[in-house]
*Asks:* 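If you scroll down you'll find the structure; I have some questions about it.
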Amino acid sequence: MSPYLALRRARHLSTATSAAIKPVTISQTKSKLRNVYDPDEALKIYSSFTAANDPSTSPASTRYAQELAVRRLAKSHRFSDIKNFLESHKSLPQITQEPFLSSLIRSYGVVGMFENAINTYNEMTDLGTPRSTLSFNALLSACVQSKVFDRVPVYFYEFPAKFGFSPDKFSYGILIKAYCEMGSPETAMEKLKEMEEKGVEIGVISLTTILHALYKKGSSDEAENFWHEMVTEKGCQPDVGYYNVKLWHIHGGKPEAVKGLIEEMNNAGIKPDTISYNYLITCYSVNGMMDEAMKVYNDLLKAKGCNPNAATFRILVFHLCKKERFMTGYKVFKQSVKVGKIPEFNTLKYLVEGLAKKGHMTEAKAMIRTMNKKFPPELLKAWGKIMEELGLAHVDIEEVNSTGIEKVVDLDKIEKAST
DNA sequence: CTAGGGTTAG
């Protein structure tokens with residue numbers, strides 16, 4: 001039985017509408033999946049990937065769909081469903097393939113189910129899956145994502161000897177991240193020595209992790225000395241990630257400084273990315289310079305060649321609301337919907353309330369219609385009261401009725417198709 | 001076929 005069917009049978013899952021999905025590239029798959037907010041819908045897409053056994057569906061897309069389904073279930077607090085879904089993979093023949101099992105460990109990690117991740121790793125011998133750094137690194141990542149940082153060094157110094165492999169640069173990268181998260185960049189720096197002794201390559205990524213941790217601790221001098229040393233001794237070259245750490249460090253200050261550092265990047269031949277520009281947008285916004293912030297946003301795609309991400313939209317919508325520029329906020333919101341990167345619920349609630357308060361009822365209603373499609377019912381429940389107060393309650397009722405009907409019709413189709 | 005830089009709430 002497919003994982004999806006197993007879960008449906010266990011839970012009598014409701015199923016929403018969807019067209020048949022034929023992914024071609026990973027980026028197309030991602031943009032489609034980003035628009036899927038209903039966890040059951042996400043599960044259905046995942047099962048269509050696995051059931052079709054289509055060679056044009058890359059393993060990366062399947063993994064992305066699995067993580068997305070699990071994320072959506074977590075958003076609805078359906079943790080026992082996550083367990084049923086992921087555990088059902090263990091009876092499939094592919095479970096003896098390490099990448100397949102590793103993706104289960106990763107999926108447990110992204111939703112903070114660290115106990116299930118380590119249990120899965122421990123079961124590998126019984127399941128007949130060989131252990132290399134691949135599953136090991138998946139486990140270490142799961143610990144970091146679940147924020148159980150102190151388990152990382154424990155496993156790091158236990159499993160490689162026990163199972164006969166050597167930690168690689170990724171393993172060390174995660175170990176360094178864990179020490180940094182535990183507030184100990186000093187220990188992380190000691191690991192660099194260990195890497196050198198073992199002949200493991202030290203890359204710019206691990207160094208930026210440490211640099212960031214030093215800045216976070218407030219030791220700017222130490223951070224800059226550390227980096228200077230790495231540049232002169234290890235010949236380490238700054239990249240966009242390095243500059244983004246520096247931008248993080250200064251973006252609470254004057255916009256001129258942020259702008260200057262971005263110019264410096266351009267002069268150094270390092271192209272600032274969306275994250276870099278988000279710092280500039282944030283900096284302008286908190287300084288009340290919304291026109292400048294909007295100008296950066298408007299230039300982003302055309303002049304800078306960067307796509308705005310969900311954070312870009314969130315920052316702008318929030319600060320535009322703060323300045324009571326709700327109609328501009330609404331325009332930005334519409335663009336975020338168009339590219340499938342809408343801000344989270346509370347930011348949008350802020351905007352709807354502002355629009356209604358200023359009498360822009362058409363826009364407020366349009367937003368509610370969109371939000372009803374994009375957020376889980378649990379979140380929308382608290383919504384009813386607010387809409388009543390704003391005189392928008394009927395919008396909600398209409399919407400619920402129409403989706404209700406669609407669900408019944410589609411469920412019928414699914415039953416027929418799966419028998 | 002993996003690690004960082006963002007992802008808090010306001």
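Throughout, protein chains are lettered first and strands after them, A, B, ... in sequence-line order, and every chain is numbered starting at 1.
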*Asks:* Taking the minimum atom-to-atom distance to the side chain of E344(A), which one of dA3(B), dG10(B), dG4(B) wins?
*Replies:* dG10(B)
*Asks:* Do R131(A) and E98(A) sit within salt-bridge range, that is, some charged N less than 4.0 Å from a carboxylate O?
*Replies:* no
*Asks:* Of the listed nucleotides (dT8(B), dG6(B), dG4(B)), which one gets closest to any side-chain atom of Y279(A)?
*Replies:* dG6(B)
*Asks:* Please confirm whether any donor atom in the side chain of N244(A) sits under 3.5 Å from an acceptor in the base of dG4(B), or the reverse.
*Replies:* no
*Asks:* Of the options dT2(B), dG6(B), dG10(B), whose atoms approach the side-chain atoms of I275(A) most closely?
*Replies:* dG6(B)
*Asks:* From C-beta outward on H212(A), which listed nucleotide comes closest to its side chain: dT2(B), dG5(B), dG4(B)?
*Replies:* dG5(B)
*Asks:* Answer yes if the side chains of E344(A) and T347(A) hold a donor-acceptor pair under 3.5 Å, and no otherwise.
*Replies:* yes
*Asks:* Rounded to whole Å, how long is the line connecting atom NE2 of H249(A) with atom P of dG5(B)?
*Replies:* 16 Å
*Asks:* Looking at the base of dG4(B), is there any donor atom on it, or on the side chain of S206(A), that sits under 3.5 Å from an acceptor on the other one?
*Replies:* no
*Asks:* Looking at D291(A) and K323(A), is any side-chain nitrogen of the basic one under 4.0 Å from a carboxylate oxygen of the acidic one?
*Replies:* no
*Asks:* Does this structure show an ion pair linking R151(A) with E158(A), if we count only N-O contacts that are shorter than 4.0 Å?
*Replies:* no
*Asks:* Grab the CD1-C1' distance between I210(A) and dG4(B) for me, whole Å please.
*Replies:* 11 Å
*Asks:* Return no unless some side-chain N or O of R71(A) is found under 4.0 Å from OP1 or OP2 of dT7(B).
*Replies:* no
*Asks:* Identify whether any heavy atom of A310(A) sits under 4.0 Å from a base atom; if not, whether one sits that close to sugar-phosphate; answer base, sugar-phosphate or nothing.
*Replies:* nothing
*Asks:* To the side chain of D239(A), which of dG5(B), dG10(B), dG4(B) is closest?
*Replies:* dG4(B)
*Asks:* Nearest whole Å is fine: how far is dG5(B) C1' from K216(A) NZ?
*Replies:* 10 Å
*Asks:* Is there, by distance only and without an angle test, a donor paired with an acceptor across the side chain of T208(A) and the base of dG4(B) below 3.5 Å?
*Replies:* yes
*Asks:* What contact category does V144(A) fall into here, base, sugar-phosphate, or nothing, at under 4.0 angstrom with non-hydrogen atoms?
*Replies:* nothing
*Asks:* In whole Å, I'd like the distance from the CZ atom of F318(A) to the P atom of dA9(B).
*Replies:* 11 Å
*Asks:* Can you tell me which nucleotide in dG5(B), dT2(B), dG6(B) comes closest to the side chain of W248(A)?
*Replies:* dG6(B)
*Asks:* So, OP1 or OP2 of dT8(B): does either fall under 4.0 Å of a side-chain N or O from R314(A)?
*Replies:* yes
*Asks:* Would you classify I174(A) as touching base, sugar-phosphate or nothing, given that sugar-phosphate means primed atoms plus P, OP1 and OP2, and contacts are heavy atoms under 4.0 Å?
*Replies:* sugar-phosphate
*Asks:* Identify which nucleotide among dA9(B), dA3(B), dG5(B) has an atom closest to any side-chain atom of D273(A), counting heavy atoms from C-beta outward.
*Replies:* dG5(B)
*Asks:* Does E363(A) come within less than 4.0 Å of K358(A), counting only side-chain N to carboxylate O?
*Replies:* no
*Asks:* Go through the side-chain N and O atoms of S171(A) and N137(A) and say whether any donor and acceptor fall under 3.5 Å apart.
*Replies:* yes
*Asks:* Could you state the NZ-C1' distance from K349(A) to dA9(B), rounded to the nearest angstrom?
*Replies:* 12 Å
*Asks:* Just checking N137(A): base, sugar-phosphate only, or nothing, at a heavy-atom cut-off of under 4.0 Å?
*Replies:* base
*Asks:* Measure the distance from NZ on K323(A) to P on dG10(B) and round it to the nearest whole Å.
*Replies:* 18 Å
*Asks:* How would you label the contact of K169(A) with the nucleic acid (heavy atoms, under 4.0 Å): base, sugar-phosphate, or nothing?
*Replies:* base
*Asks:* How many whole angstroms separate atom CD of E324(A) from atom C1' of dG10(B)?
*Replies:* 16 Å
*Asks:* For a quick check of understanding: with a heavy-atom distance under 4.0 Å over all strands, which category does T347(A) fall into, base, sugar-phosphate or nothing?
*Replies:* base
*Asks:* Separation of K177(A) atom NZ from dG6(B) atom P, in whole Å?
*Replies:* 7 Å
